[in-house]
Each structure stands twice: as structure tokens, then as C-alpha cells.
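Structure record follows, encoded as C-alpha cells.
Remember, it's 1-based here, ligands and their atoms both numbered in the order they're listed.
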Amino acid sequence: MLPFPKYLSFRNVLAGMLLLWGLAVLLKAAWWLYLLVFIIALTISYFGTTQISSNFHMPSYCKALNHDKKEIAITFDDGVTNPERSHLVLDILKNYQIPATFFCIGKNLENKEQIKVLKRMNAEGHIIGNHSYSHSNFYDFFPSKKIIEETLLTDKIIQTHTGKIPRFFRPPYGITTPNIAKAFKTLEHKTIGWSLRSLDTVIKDEKKLFERIKSKLKTGDIILFHDHTQHMKTFLPMFLEYILKEGYTVVGTDQLLGINAYA
Ligand SMILES: [Zn+2]
């Protein structure tokens, strides 16, 4: 999805709705006009909130713009949900000498096995980003203070084990809200989205998944995968063989976007 035009921000949509309601009062408009204005504002807000690339609530980096080199970046969410599967993904990436970005959840970086994976990601040259501490189902309803606390806590855990302070953040579920936007106004992180969602947690058939990505892939894309999905074992080598054959170079998200991944 393309970014919304700049004037279509959350604040402007809210102000526009209130203004039109005010006009409706003055003009003694019919009741359904209020409802119509509300439904339009709600629809815009829904897409703006659920589509990170809309930049509706806050700016985010979702792909390389005006990129003439045949480069893409690969990202994995929810590290380290399943250490065994993460190791498998790391083995495949190592085999193909491909750099990736892993967005890790703070609470998944607590036991010995999880920390071992985190350290391996760092040692093998991958970027580690912050994907909140709790990845709670209610994250989108958290006040900005709690969002800041979670972000700093996860930063601290990553710093303790890698010596690096992450500056890339990806919101859980890719959902943005006014509170998340408020929190990240005070933090130094860059919000990283994606331009190609693989749907690897939904599509269970590797061939279907592969065909879907193949048909959508473009230069400058940031692809979203999950390192805990069962079919990465067979899908990932198939996908990497394909992109290398097609002449793509996989670079780090930092290199693709030209921004620093760490403080
Ligand atoms: Zn996630």
C-alpha cells in the first residue's frame, strides 16, 4: 500500500469529521449525513491504523524509495519464539551468505537457549530490531508511557547480550495508533514496516507461498517473514535460490534504507 497523502493524517481526519459535523448542525442536516461522515472517517482510520505503510499515525520505512540497484531486504518477526526454528533459519542464511533483520520480542530473550540465538544472530552479522517486550494482544491499547517502558526494556536486554542499542522498531502486528506515535516521538527509533508481507503464518503450502511472493517481488522491497514458521526449512532455500538466480542482492535493512540500525 502506498503512503496516504500528507494531508490525510489522523489529526486532519478527526478535525475534518468534527468540522463537517459542525456544518451539519448549522445547516440542520439530516441524521444520516452525520453517520456518513463518521463512516468515511472510520474507514480511513481503519486502513491508516492497520496498514503501516500508510504513514497515517507516524512515519515508517517500508521500502527503498527511488532505488535503482536490484536490492531487497529480508526481515523476520517474533524472534526468538522458537529457538530451534530460529537456528534453522540462521543455518540457511549462513549457507547462502544472506544478511537479514530479526525483530525480537523482549520477553522471548530471557532463557539460555533464546539468548544463544540472539547472540548468534548478532555474531553472524544480522541486524537485531526491537519488536516490543510483550507483543501483547492489547499492545495497541497501551498508553504511550507503557510503550516507552517496553521499548527501553527490550533495548536494554538486546544491549546486554550484544553490546548494541537497537534503533529499528517494528510495532507488533504492524499496527500503529496515536499512543504508539506519541511514544515514538520521544524515542530515537526508526519504525520499520514492510512492502511485501509474505503471509507465511497464514499460507501453509510452501509452493503457494513461493508463487505469491514471486509474483509480487520488486526492487527495493522489504519482505516480512517469521522465523518460527514450520515451512521456513523448505521454503527459505527455495526462495533464496530464486532471488539469487534473478540477480537480486539481499542487503541489510540499514543499507537498503541508508539509516543506522544501532545508536
Ligand atoms: Zn510480531
| request: Just say parallel, tilted or perpendicular for the rings of His189 and Phe184, cut-offs at 30° and 60°. | output: perpendicular

| request: Could you tell me the angle subtended at the Zn ion (ligand 1) by NE2 of His135 and NE2 of His131, rounded to 10°? | output: 90°

| request: Flag His226 as yes if one of its N/O/S atoms falls below 2.8 Å of the Zn ion (ligand 1), otherwise no. | output: no

| task | With the Zn ion (ligand 1) as the reference point, give the N/O/S atom of Asp78 that is nearest. | result | OD1

| Inter-residue atom distance His87.NE2 - Asn82.CG, 0.5 Å rounding | 10.0 Å

| Under 3.5 Å, is there a donor-acceptor pair between the His231 and Asp200 side chains? | no

| Would you call Lys214-Glu211 a salt bridge at under 4.0 Å N-O? | yes

